[in-house]
Amino acid sequence: MVDALGVAVVGFGWMGRVHTQAYARLPHHYPRLPLRPRLVTVAEEVPGRAEEAAERFGFASATRDWREVAADPRVRAVSITAPNFLHREIGVAMAEAGKHIWIEKPVGLSAEDARAVADAVAKAGVQGTVGFNYRNAPAVEAARDLIAAGEIGTVTHVRIRLFSDYAAHPDGALTWRYERARGGSGVLGDLASHGADLARFLLGDIASLTADTAVFVPERARPAGATAGHALASGGEPGPVENEDYVSCLLRFASGARGVLEACRVSVGEQNNYGFEVHGTKGAVFWDFRRMNELALSRGTTYQDQPVSTVYVGPGAGEFAAFQPGAANAMGYDDLKVIEAYRFVRSIAEGTPYGATLADAVHSAAVLGAMTRSAERGSWVEVGAG
């Protein structure tokens, strides 16, 4: 028997739509889940947007006030896809109201915010899933298994990159993303948070680091009205960009491995160039998000001039079998969010966490905080140290 799970979405920009579509697709890919999401309500403060979402996607009701969601007895689970500065307030309130939460990274503006939400979830005894979607790629999970099994020997070093051009246009609107008070960090919270999560997911805890940041587009035009995504705002009143466009970081892992993490939101000519290269004493494994279902793998005993092969992941890797019947059949970005939704709903059904949790968000936020301190001080810092 399949029970209905009343869900709500708070914040309906692009990511709110992605969450909503993931809920709708769950029965198609995971028909044996004992809970089936039912779209109860959507909250969005921009006038008309919640009503439009309800009509388009089939929510039973719409509101401009997220507090009505917290008080709604029909709602058992909530997707929080609102701007970063609202994550803590909404996340804590939903947990205290007994709602399970699926919240987008970085879970607030700081490690303190992430811990507050994590503590509220733990105290309330509800489930909390975080939107670190790239770890859900079957190829990434296959790479993690290879590394853990010693297929490339002892890991020596890793390079993680996250380059994008979404903020490269000089006429990009000065939205909340570029303000300290509402966005917190810039590319740190947006892209480097994924990098920090991937680093820990693959190789374990980061012990210390040194980082450098920069702003390359120092001024942008203020938008005339509500925006969604990365809209342009040519001709508006100019204002300062308050957070970083770029970060580079040297990492030291608790295992002794070394790493480089680099992220940029203004990389002209780069569209979602996300990936990693992990090197070990016997081989290496490489992943590129733009070729999401492939790994480049070198392993053996040749060492010098050892060849690299392309491996197409298939039904034995991660959740691949829920989407495609055989290797080399493509999966895409939205599929990663369906996997995330599945792990969230499964966590609720079984009372056991699956996938990325609030604890992972706290770890990622601690790394981002260390990057900020290091960039300010110009020195190495320990992760988690003040």
Side-chain angles (χ1 to χ4, degrees), residues 22 25 29-30 131-164 191 194-204 206 251 253 255-263 270-343 354-356 360:
R25 290 177 58 192
H29 298 281
Y30 297 98
F132 289 128
N133 42 269
Y134 299 110
R135 63 154 64 193
N136 296 326
V140 172
E141 295 191 281
R144 186 193 196 203
D145 291 343
L146 287 166
I147 293 166
E151 292 291 326
I152 64 169
T154 301
V155 173
T156 54
H157 61 283
V158 60
R159 185 167 77 97
I160 299 173
R161 68 187 185 282
L162 299 109
F163 298 142
S164 185
L191 295 181
H194 284 297
D197 182 66
L198 282 173
R200 182 168 171 267
F201 183 70
L202 294 168
L203 304 181
I206 298 168
L251 309 171
F253 290 85
S255 66
R258 299 299 196 261
V260 176
L261 191 158
E262 191 176 15
E270 299 281 15
Q271 296 86 41
N272 299 327
N273 182 358
Y274 310 151
F276 55 76
E277 299 106 43
V278 182
H279 296 266
T281 53
K282 297 194 300 182
V285 61
F286 312 91
W287 179 71
D288 187 327
F289 169 66
R290 298 164 300 177
R291 304 176 70 90
M292 193 179 83
N293 306 291
E294 302 176 16
L295 288 175
L297 180 61
S298 177
R299 56 182 171 181
T301 57
T302 305
Y303 301 102
Q304 187 175 0
D305 299 326
Q306 184 163 282
V308 177
S309 301
T310 298
V311 176
Y312 299 101
V313 298
E319 294 294 323
F320 189 96
F323 297 85
Q324 299 294 350
N329 285 289
M331 291 175 59
Y333 175 88
D334 284 11
D335 296 328
L336 302 184
K337 302 306 280 190
V338 175
I339 294 172
E340 208 165 274
Y342 161 66
R343 289 173 172 165
Y354 291 96
D360 296 307

*Output yes when a side-chain donor or acceptor of Arg200 lies under 3.5 Å from a complementary backbone atom of Asp360, and no otherwise.*
no
_Arg25 atom CZ, neighbour heavy-atom count above 12 within 6.0 Å_ = yes
*Which heavy atom of Phe253 sits nearest a heavy atom of Ala199, and at what distance?*
CE2-O, 3.8 Å
*asked:* Please find the pair of heavy atoms, one from Pro138 and one from Leu336, that lie closest to each other, and give the distance.
replied: CD-CD2, 4.5 Å
*Might you point out which heavy atoms bring Ala137 and Met292 nearest each other, and give the distance in Å?*
CB-CG, 4.1 Å
*Any donor and acceptor pair, going by atom type alone, linking the side chain of Ser298 with main-chain N or O of Pro307 inside 3.5 Å?*
yes
*Can you tell me how far CG of Leu198 sits from CZ of Phe276, rounded to the nearest 0.5 angstrom?*
6.5 Å
*Drop me the distance from Asn133's CG to Asp335's CG, to the nearest 0.5 angstrom.*
11.5 Å
*Out of curiosity, Leu202 CG to Arg135 CZ, how far, rounded to the nearest 0.5 Å?*
9.5 Å
*Checking Arg258 side chain against Gly256 main chain: does a donor-acceptor pair fall under 3.5 Å?*
yes
_Atom pair CG (Asp197) and CD1 (Ile160), whose distance is rounded to the nearest 0.5 Å_ = 9.5 Å
*asked:* Apply side chain to side chain contact (heavy atoms under 4.5 Å, CB included) to residues Val155 and Ser255 and explain how you reach the verdict.
replied: CA-CA 9 Å; Val155 173; Ser255 66; 5.9 Å; no
_As an exercise, state the distance from CG of Asp288 to CD of Glu277, rounded to the nearest 0.5 Å._
9.0 Å
*Going by atom types only, do Asn136 and Glu340 share a side-chain donor-acceptor pair under 3.5 Å?*
yes
*When you measure from the side chain of Thr156 to the backbone N and O of Thr281, does any donor-acceptor pair fall under 3.5 Å?*
no
*Heavy-atom distance under 4.5 Å between the side chains of Asn293 and Gln324, does that happen here?*
no
*Which one of Val278, Ile152, Leu297 satisfies the side-chain contact (heavy atoms from CB on, under 4.5 Å) criterion with Leu146?*
Leu297
*In sequence, state the C-alpha distance, the side-chain angles, and the governing distance for Leu203 and Val158, and then conclude on side chain to side chain contact (heavy atoms under 4.5 Å, CB included).*
CA-CA 9 Å; Leu203 304 181; Val158 60; 3.5 Å; yes
*To the nearest 0.5 Å, how far apart are CD1 in Ile339 and CE in Met331?*
4.0 Å
_Tell me if a side-chain donor or acceptor on Gln306 pairs with a main-chain N or O of Ala284 at a distance below 3.5 Å._
no
*Begin from the C-alpha positions of Glu151 and Val285 and carry the test side chain to side chain contact (heavy atoms under 4.5 Å, CB included) through to its verdict.*
CA-CA 9 Å; Glu151 292 291 326; Val285 61; over 6 Å; no
_Pair listing, ring pair (Phe, Tyr, Trp, His ring centres under 6.0 Å) test, anchored in residues 134-157, at least two apart_ = Tyr134-His194, Tyr134-Tyr274, Tyr134-Phe289, His157-His279
*Would you mind listing every ring pair (Phe, Tyr, Trp, His ring centres under 6.0 Å) that reaches into residues 313-341, with sequence neighbours excluded?*
Trp14-Tyr333, His29-Phe323
*When Arg159 is tested against each of Leu261, Leu251, Val260 for side-chain contact (heavy atoms from CB on, under 4.5 Å), which residue passes?*
Val260
Sequence neighbours left out, cut at 3.5 Å: what donor-acceptor pairs do the side chains of residues 308-315 make with other protein atoms?
none

*Are a donor atom and an acceptor atom from the side chains of Arg290 and Asn272 found within less than 3.5 Å of each other?*
no
*Any idea which heavy atoms bring Arg144 and Phe201 closest together, and the distance?*
NE-O, 2.8 Å
